[in-house]
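Report on the structure given below.
Computed from a predicted model, the values in this text were never measured in an experiment. Residue numbering restarts at 1 for every chain, and letters A, B, ... go by the order of the sequence lines.
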Amino acid sequence: MRKLIPVVVALFAIAAVACGDDKTETPVPTAVPNEVAVAAEVSPTEAPQPSTSAPSGQQPQARAVPVSEKPQGGVFRRIWSDPPTLDPALVTDTTSAGVVVEIFSGLVALSPDLELIPDIAERWEVSPDGMTYTFFLRPEAQFHDGKPITAQDFKWSIERAASPDTGSPVADTYLNDIVGVQNVLDGRTTDISGIKVIDDHTLRIDIDAPKAYFLAKLTYPTAYVLDQENVESGGRLWTDTPNGSGPFRLKEYRVGERIVLERNENFYRTPPNVDSILMNLAGGQSMAMYENDEIDITGVGLFDLERVLDPNEKLNKELVVAPPDFSVSYIGFNTAMKPFDDPKFRQALNHAVDKELIATEVLSDLVVPAYGPLPPGFPGFNSSLPGLRYDPDLAKQLLNESEYPNLSDQDRRIVITVPGTGGTIGLDLEVIIEMWRQVLDVEVEIQQVEWATYLDDLNQSKFQAFAGLGWEADYPDPQDFLDILFHSKSSINHGAYANAEVDRVLELARVEPDISRRVELYREAEELIVADAAWVPLWYTGERYVLIKDHVQDYRVTPMIVPKLKQMYIR
Amino acid sequence: MWVYIARRLLWLPFLLFVISAITFALFRIVPGDPVTVMLGARYDEDVAERLRKSLDLDKPLVVQYSNYMWGVVRPELHTLHLREDSGTTIKVPFFRLDFGESFRFRGRPVGPLMRTKMWVSFQVNMAGMLVALSIGLPLGFWVAHRQGSWTDPAAVAIAVILASLPIMVTAPAIIWLGCLKLDLVPCSGWGGLFDSRMIVVAIAMGGPGVAGFVRLMRASTLDVMGQDFIRTARSKGLGEFAIDSRHVLKNAMIPIVTILAFSLSGMLTTSFVAERIFGIPGIGSFAIDSLFNRDYPVMMAMTIILSTVFVLSILAADVAYAYVDPRIRYDGGGRG
């Protein structure tokens, strides 16, 4: 019987499994915490004490004010865009999330090493059946204005996020495992029955099944805590003067000009080292501004790459090679439409593409070739996944064995639809089409459709095949890729991929409490999906080459958005 | 005159009603809606339905249109601060001009969102116009006096060539030469009207305009110079300078003023391409992105504001015409 699942250890274990196999340059999580205080923060769960089922009261541990040994002060300047929203409940995009995670916070968070760490909840207990979570909030946690954060604040915030009046596009995704959320989403009630306030600093959440990925979902802003008074008094634009709880407060937001974040000295964990973050929203040529010393960080595009990679160039010393983001791009097949209903045909197309060649010769190694949906460094990533590698002879053989050995005779068109409005369809796709033509003698047409129309048609499964779409992790759990994209009942399984065995394995993995068994199940599912050639996985993308000024230290380029600006310092 | 203006202004509401109703309907015919874009690759029919409901997109089109327009034209007392620092305010009744809340920037009112961007675009166009005028008019006036010599056809030929070059060609060329090769000016970016980064933009924007004004001014000046009253002026012994400044220039400006008033309508829109190339945070990119994101309130606000400006600038052109040329009258008599 497990009274307390050591979640940090468990998630760390997944990450370690992933990284252990990983032969790429993904940074291995540092075992030594960077900050003095982090060790103290992590310890309650890292060394799980045999906890009693009844919480042994509040023991406000006398805790020294966390002080960082890093140099304090300074401004970090970067280019950003106007965030579509600063309301944690509405966040769906990385531009918004990158600001929101620094101003607000929740029960649990992801560290820059993508471990699940305690945030406002200093520890938690999970019931033996895995369906009840009890969170113990830090008594010292407070909003920016000094008001203490209570369990009631969390209940109100999550109920608000799920309310139809809020109109959150992601409340379903992140909160619907909680008992009673569906009723709130449907507008039948405003009270989430599965969230109970035990006392000011104790919150109980019931979920509908022992889902191992539940805590990971709580790291997303949808479940962050808000100050009810602040939200209700501020009207629709309360986010212009947010009373958050995160390491930074919003000092200034001028639409189209700048966002200024300022350090929150009273942060309940180690406060940030830098005084402020200046986000330039006015746009401009990032590279030129970097060289002109107007900003401290920039991505490097294809055109500047050669210059920056030159070791004689001054800029070369400031170059950081980042791991790819937790995102994958792919060509999707509608497995319900001819000729993609035949797995052999799909496999033939996969084997006919030389991704290594395209990545190196065409895309200057700005991307990493993908052979499965899970990106490197991601929990469950399998570096020994065989994948459908480039093999022209095998491709031809598979095509001949398929039901459509000679497409041109059957007078069938293959159309791949991509989003866009004129202009190029992407070099990689052009080369892939040429490879299919040369290796398999298969002619493919490209049809370009404007973005909103593309999405509309995609949702109605009108496309025979589609590209130009990627999938980005919302939370570091394989469920977010494999279950959501390939379960036959998933509403966003755009290729109508259906394999009863895959469904069965995915459903087992959802509720499997044993971490290593769970990883195995997901690997099994991934292997089946890859062997079925549901996609042509293309690239793990992301800003691979980044320039960071010398005086900026401990800035981490992470494969997904996590609160990380408090760690860095200016020398 | 005033009666004429009033009559024209009375037409404005009707015109705007027709334009806005048609565009409102057209936007809805296009596939996809704000919810499609909001949910992106994570589209789920139930979630989409719920979102449409919470954004009032499930209401009948007529209701949506009426609600939107009522927000724009509802009368309201606006508080004007006479001086920034003092508390002196006056209340002015006017239309409410509430263009709704953006779908892309959730909850943010469209008006303030667009105001700064429109002001940027206006400055960019203004700078281009100033360049075009300050080079085009004197040059046109000068070549008109050189009629018959080689400079006249040469200048006109160059003007025509310049006018034919689209900004997608000239802008990169100017950046390449002025910024990358000669390092005279900054490459791109935005720092306001009096920032050095404006130079390249103004030249690229004004360049094609120079050609236009040269040709217009030349034709106009030649036309005036051939008139009887110029010969009269000359025969009564007026010096060339006096003739030019007192008679030729003034009369040659008539068509220019009309064109200027008319081009007010383009002061917000003609810089779309330049904004993209130079990375200027103007209304151009914003409008295009709003279109792709199906941000209906922003698209409607654009339509209403731009068509109002267009109608008003045509009116301004007509009025300016009457003002500069005393022979033109709109009230009574000849023209109705």
Quiz item: Side chain, backbone, both or neither: which part of B/Leu55 has a non-hydrogen atom closer than 4.5 Å to chain A?
Solution: neither
Quiz item: Taking non-hydrogen atoms and a cut-off under 4.5 angstrom, which of residues 287-300 of chain B neighbour chain A?
Solution: B/Leu291, B/Phe292, B/Arg294
Practice problem: Determine which pairs satisfy ring-ring contact (aromatic ring centres under 6.0 Å, His included) with at least one residue from residues 47-72 of chain B, sequence neighbours left out, and list them in order. | Solution: B/Phe24-B/Tyr65
Self-check item: Region of A/Leu185 that comes under 4.5 Å of a non-hydrogen atom in chain B
Solution: both
Quiz prompt | Heavy-atom contact with chain B under 4.5 Å, split by part of A/Thr166 | solution = backbone
Quiz item: Contact part of A/Asp93 toward chain B, heavy-atom cut-off under 4.5 Å: side chain, backbone, both or neither?
Solution: neither
Practice problem: Report the residue from A/Thr92, A/Asp474, A/Ile484 that forms a side-chain contact (heavy atoms from CB on, under 4.5 Å) with B/Arg42. | Solution: A/Asp474
Practice problem: Pick one of side chain, backbone, both or neither for B/Glu101, based on which atoms fall under 4.5 Å of a heavy atom in chain A. | Solution: side chain
Exercise. Identify which of B/Lys117, B/Arg104, B/Arg108 forms the greatest number of heavy-atom pairs closer than 4.5 Å to chain A.
Key: B/Arg108
Quiz item: Given B/Phe105 and A/Asp82, is the side-chain contact (heavy atoms from CB on, under 4.5 Å) satisfied, shown in steps?
Solution: CA-CA 8 Å; B/Phe105 298 94; A/Asp82 269 308; 3.6 Å; yes
Practice problem: Using a cut-off of under 4.5 Å on heavy-atom pairs, state which of A/Leu86, A/Asp165, A/Asp240 scores highest against chain B. | Solution: A/Asp240
Quiz item: Hey, mind stepping through A/Asn459 and B/Glu45 against side-chain contact (heavy atoms from CB on, under 4.5 Å) and telling me if it holds?
Solution: CA-CA 9 Å; A/Asn459 296 329; B/Glu45 200 50 52; over 6 Å; no
Quiz prompt | Which of A/Asn292, A/Asp457, A/Leu455, A/Val255 touches chain B most, by non-hydrogen pairs under 4.5 Å | solution = A/Leu455
